[in-house]
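Below, chain A is the first sequence line, B the second, and so on; all start at residue 1. From a predicted model like this one, the values you see are computed outputs, not experimental measurements.
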Amino acid sequence: MSTSGTPQFRYTQTPSKVLHLRNLPWECAEEELIELCKPFGKIVNTKCNVGANRNQAFVEFADLNQAINMVSYYASSSEPAQVRGKTVYIQYSNRHEIVNNKSPGDVPGNVLLVTIEGVEAGDVSIDVIHLVFSAFGFVHKIATFEKAAGFQALIQFNDAETASSARNALDGRSIPRYLLPEHVGSCHLRISYSAHTDLNIKFQSHRSRDYTNPYLPVNPTAIEGIMQPAVGPDGKKKELESNVLLASIENMQYAVTVDVLHTVFSAFGTVQKIAIFEKNGQTQALVQYPDVNTAAVAREALEGHCIYDGGYCKLHLSYSRHTDLNVKAFSDKSRDYTIPEASLLAAQQVSGYPAAPAAWQNPQAAPMYHGNEFSGAASMQAQGPPGQGPSWDPAMQAGRSTFVSVPSTFPGQTFHASSGPVYSSAAMPPGSSPLQTGPTTSSSMASRGISQPGGPPNLRPGGGASPPGVGPPGASPSYYGQ
DNA sequence: AGCACA
């Protein structure tokens, strides 16, 4: 009649799908465990390297009878269960399921996430990575990128077995010295599994490769060497122009939203895409125009100007190396205005989907936002529980994104309806009302018919000198049906 | 050789 607190009698545990294995060799690999147990049934979960000595493990069978089969087999067998020649002691676990067994990175898959510790991105070429990992099988695709964790690569193999062999052999090991530049000290590989099954490589470049598709276009802006700054006739470095501007926002006392940027930059032409991200603690944004000329005009006009009065949110503009941003169509940090309104609205009607693990190891962001500009985007790949990534992206459900393979196995994903961004007036600096006309504040925005819900910028493009040939930028975006 | 994880 005892309900709780009754100690389990030592040697008469009740049968459980979960078996407790002791006296395993130190850091016994999961594969060895599975090898031992799979003759008795389907293994649904394992936990290895348990205990202070890391020589215990748990194995969970799909069916209780399978566990019973294994225990009773070895109970009556003359040959004890063995791993690497060591006798393994098997009992029913006193629990009935293995819980919290694996972090996402431990769930085997055909794509590896490799962190190359102790190197700069430039130290290890994609060819070296390819060489190292090709030892274990045909490498289909590689995408490299930088983020807080360091220089990382996604390596796609044909199957999980191949990926696993590469992981087992290389995790914690180093890339051979002769493949590295002299100045590189140690260089350890930290390898886990990616949740992805197929990387979406857009270009062959020094950052990404698709070895299955030799006809994939070479990204002219992403090949090493081409990116060397051109030198003008005067011998000075000539900045490469681009239709995409990189804006650094200095003294950002107030929130700068996608909409604010859209308003500001639309004064010079159609803004196609915007992405906001953090770089070294500073907010930056990429703003894409259809052509270089428009970008150049915007750059000239806006450079050094402040979005808000009082020297707040000062813009510094340069040309990005990107020519076509690959951004989430509708998030709080990015917008793709080239997407037809209808599809956006339609996308927002979609409901009932679990939140996508978003950009968890988003391979798309990786190759597309290479370089220094987009560590912010890369940070969306921050390792962590899937499903806790950035906000749900309607575009994914709208079928526009083909790159995310949403693992259906992650629990705890909740759908948060995306009702569109809400721009609180807190984003607007006090005393910087758009309607206020001050020394540096013109009413040009209002006269252009721009009315932003959350505090339109005071910035007057060109300091009063409107760029030639630029008309009213049209109504503010109506994507979110304001 | 004797039960993890929160």
Side-chain angles (χ1 to χ4, degrees), chain A residues 2-109 113 164 167-168 171-172 190-195 354-355 357 360 382-389 407-414:
Chain A
S2 53
T3 50
S4 67
T6 306
Q8 198 86 57
F9 192 67
R10 275 197 157 201
Y11 298 103
T12 59
Q13 286 112 331
T14 55
S16 163
K17 297 199 303 287
V18 182
L19 298 183
H20 177 221
L21 295 87
R22 291 137 33 205
N23 203 35
L24 290 158
W26 184 75
E27 290 198 346
C28 168
E30 184 189 34
E31 284 73 14
E32 300 174 285
L33 210 59
I34 291 173
E35 212 52 47
L36 175 70
C37 302
K38 76 177 177 193
F40 300 94
K42 180 177 166 56
I43 297 158
V44 295
N45 213 343
T46 65
K47 183 163 189 68
C48 306
N49 305 325
V50 169
N53 296 327
R54 298 173 69 73
N55 63 353
Q56 301 175 41
F58 297 92
V59 172
E60 180 178 342
F61 283 100
D63 189 81
L64 177 64
N65 287 325
Q66 298 167 344
I68 293 174
N69 282 344
M70 183 163 183
V71 168
S72 46
Y73 173 85
Y74 283 113
S76 59
S77 167
S78 54
E79 287 291 306
Q82 288 189 329
V83 172
R84 287 189 231 161
K86 281 193 78 178
T87 296
V88 177
Y89 301 88
I90 304 169
Q91 285 180 300
Y92 299 114
S93 170
N94 52 27
R95 301 192 198 180
H96 289 84
E97 62 178 341
I98 294 176
V99 75
N100 259 353
N101 176 51
K102 286 167 179 160
S103 63
D106 289 329
V107 179
L113 172 64
S164 162
R167 181 180 126 118
N168 291 335
D171 192 17
R190 207 86 265 169
I191 305 178
S192 62
Y193 295 103
S194 164
W360 154 246
Q383 301 193 32
Q388 296 181 10
S408 57
T409 50
F410 295 124
Q413 293 173 353
T414 48

Between [Y] and [X], is there a side-chain heavy-atom distance shorter than 4.5 Å?
X      : Y      : result
A:M70  : A:L36  : yes
A:Q56  : A:L21  : no
A:S164 : A:Y193 : yes

When you measure from the side chain of A:S72 to the backbone of A:I68, do you find a donor-acceptor pair of N or O atoms at a distance under 3.5 Å?
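It does hold such a pair.
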
Output field: ring centroids A:F61/A:F40 closer than 6.0 Å
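No, ring centres 6.0 Å or more apart.
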
Check against side-chain contact (heavy atoms from CB on, under 4.5 Å), A:R54 and A:C48:
CA-CA 8 Å; A:R54 298 173 69 73; A:C48 306; over 6 Å; no

Distance, rounded to the nearest Å, where [X] contributes [atom1] and [N] contributes [atom2]:
X      : N     : atom1 : atom2 : value
A:N94  : B:dA4 : CG    : P     : 8 Å
A:L21  : B:dC3 : CG    : C1'   : 11 Å
A:D106 : B:dA4 : CG    : P     : 19 Å
A:Y92  : B:dC3 : OH    : C1'   : 16 Å
A:Y89  : B:dC3 : OH    : P     : 15 Å

Given DNA chain B, 5'-ward residue of the pair A:V50 and A:N23, judged by closest heavy atom
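Nearest nucleotide further toward 5': that of A:N23.
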
Please work out which residues in residues 51-69 of chain A have a non-hydrogen atom less than 4.0 Å from an atom of DNA chain B and list them by number.
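By residue number: A:Q56, A:F58.
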
